[in-house]
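Reading through the structure tokens given below for one structure.
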Amino acid sequence: MKILVLSDTHGNRSTIQGIIDYLSHNRVDQVIHLGDDYQDGEAIISAGHPLIRVPGTWTVEYKNTLIENRRFEIFNGWRFFLTHTPKAHFNDLPDDVDPQRVLQEKQCDFFCHGHTHHPEIVTENNGVVRLNPGHLKRSEDRGHRASFAILDLFAESVTVTILDYGSVVKCLIFTIFTFVM
């Protein structure tokens, strides 16, 4: 299974269209949008791609009790936690799960978040992989180039690649790691 993970598009129609173009030329089974901006996912859905999304902390959807701010998903037996922020936020709803508790209690294999615009793949001391795909706000933001992640999931391993958005036509790899169950 192949998953594309992105975050922090912030209404940038150009980068969203670039992702849709990437999806039209590359087999991806699932797209995950980790927030900011929730509505940006509509273009991906309209283009016919399966999308799971969580809202960013400053969007109206974050205060909507019918939309999950954080969620758990299972893909090929791997447990994923999806959140915009890596920590609790003052805009959280009373029933929102505390992300740090999820991480500390190893309630997932992959802890996926956005918010900081800083792309990284980190294996925590308890073995949980923390993934931030970076941002697609503009070509560079907060000192980081635009990026997104591709995950290749197999029953016993996952390869995580963070791609530099500006070089995506050349498929320049920014970071790549393989994790084994």
Side-chain angles (χ1 to χ4, degrees), residues 1-76 78-86 89 91-93 96-97 110-119 131-142 144-153 158-174:
M1 176 176 202
K2 189 178 290 272
I3 299 175
L4 185 149
V5 181
L6 59 100
S7 185
D8 294 282
T9 48
H10 292 277
N12 185 332
R13 292 186 177 151
S14 175
T15 57
I16 297 163
Q17 186 57 52
I19 291 295
I20 292 168
D21 293 345
Y22 178 89
L23 291 167
S24 69
H25 294 95
N26 296 275
R27 184 191 64 77
V28 172
D29 302 300
Q30 182 67 59
V31 180
I32 296 173
H33 193 309
L34 298 171
D36 276 353
D37 188 337
Y38 190 83
Q39 289 302 317
D40 292 347
E42 293 301 319
I44 296 167
I45 294 168
S46 294
H49 303 287
L51 177 72
I52 294 173
R53 58 187 165 167
V54 293
T57 53
W58 298 103
T59 63
V60 296
E61 293 84 5
Y62 204 79
K63 292 294 184 181
N64 183 338
T65 57
L66 300 176
I67 296 174
E68 295 176 282
N69 290 335
R70 300 187 176 103
R71 60 191 290 172
F72 292 92
E73 295 288 339
I74 297 177
F75 303 106
N76 275 14
W78 296 89
R79 301 170 303 151
F80 282 74
F81 178 67
L82 312 177
T83 178
H84 181 64
T85 59
H89 190 272
N91 281 342
D92 285 355
L93 297 175
D96 283 347
V97 175
F110 286 87
F111 181 98
C112 302
H113 72 90
H115 190 60
T116 67
H117 297 203
H118 176 80
L131 168 65
N132 183 336
H135 72 89
L136 291 170
K137 185 173 182 178
R138 54 180 163 256
S139 62
E140 188 170 316
D141 190 60
R142 300 182 194 175
H144 302 287
R145 292 172 54 101
S147 60
F148 61 97
I150 296 290
L151 288 79
D152 287 300
L153 283 73
V158 176
T159 299
V160 181
T161 308
I162 295 180
L163 297 172
D164 180 316
Y165 176 82
S167 302
V168 78
V169 174
K170 299 175 188 171
C171 286
L172 174 68
I173 296 174
F174 182 83

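One-based numbering along the sequence shown. Treat the numbers as computed from the prediction; the structure is a model and nothing was measured.
- Side-chain contact between Ile3 and Val28 is absent, with no heavy atoms from C-beta onward closer than 4.5 Å.
- Note that the CZ atom of Arg70 and the NE2 atom of His84 stand 10.0 Å from one another [nearest 0.5 Å].
- Taking the ring centroids of Phe75 and Phe80, they lie under the 6.0 Å cut-off.
- For Ser147 (side chain) and Pro133 (main-chain N/O), a donor-acceptor pair under 3.5 Å exists by modelled atom type.
- Only one option out of Asn132, Ile150, Val5, Leu131 pairs with Ile162 in a side chain to side chain contact (heavy atoms under 4.5 Å, CB included); it is Leu131.
- Nearest heavy atoms, Ile52 versus Leu82: CG2-CD1, 3.8 Å.
- Shortest non-hydrogen contact noted between Asn76 and Leu153 is ND2-O, 3.1 Å.
- With respect to Arg145 and Asp164, a salt bridge is recorded, a charged nitrogen being found less than 4.0 Å from a carboxylate O.
- Considering every non-hydrogen atom in both Ala43 and Ile20, the closest pair reads O-CD1, 3.5 Å.
- Salt-bridge annotation for Lys2 and Asp29: absent, with no side-chain N of the basic residue lying under 4.0 Å from a carboxylate O of the acidic one.
- Separating the CG atom in Leu136 from the OG1 atom in Thr15 is a distance of 5.0 Å, to the nearest 0.5 Å.
- With a 4.5 Å cut-off on side-chain heavy atoms, Asn12 and Lys137 do not count as touching.
- Using modelled atom types, one side-chain atom of Asn26 and one backbone atom of Tyr22 make a donor-acceptor pair closer than 3.5 Å.
- Between the side chain of Thr59 and the backbone N or O of Pro55 there is no donor-acceptor pair closer than 3.5 Å.
- With respect to Arg53 and Glu42, a salt bridge is recorded, a charged nitrogen being found less than 4.0 Å from a carboxylate O.
- Judged by distance alone, with hydrogens and angles left aside, the side-chain atoms of Asn69 form no donor-acceptor pair with the main-chain N or O of Asp96 at under 3.5 Å.
- To the nearest 0.5 Å, atoms CG (Leu151) and CG (Leu4) are separated by 9.0 Å.
- Of the possible polar contacts, one joining the His25 side chain to the Asp21 backbone as a donor-acceptor pair under 3.5 Å is found.
- Side-chain contact between Thr83 and Phe111 is present, with heavy atoms from C-beta onward closer than 4.5 Å.
- Listed for the Asp37 side chain is a donor-acceptor partner under 3.5 Å among the backbone atoms of Gln39.
- Listed for the Thr9 side chain is no donor-acceptor partner under 3.5 Å among the backbone atoms of Asp40.
- The main-chain N or O of Arg79 is never found under 3.5 Å from a side-chain atom of Glu73 such that the two would form a donor-acceptor pair.
- With sequence neighbours excluded, no residue forms a side-chain hydrogen bond (donor to acceptor under 3.5 Å, both in side chains) with His135.
- A donor-acceptor pair is defined here as one N or O able to donate and one able to accept, closer than 3.5 Å; such a pair exists between the side chain of Asp8 and the backbone of His115.
- Between His117 and His10, the distance from one ring center to the other falls under 6.0 angstrom.
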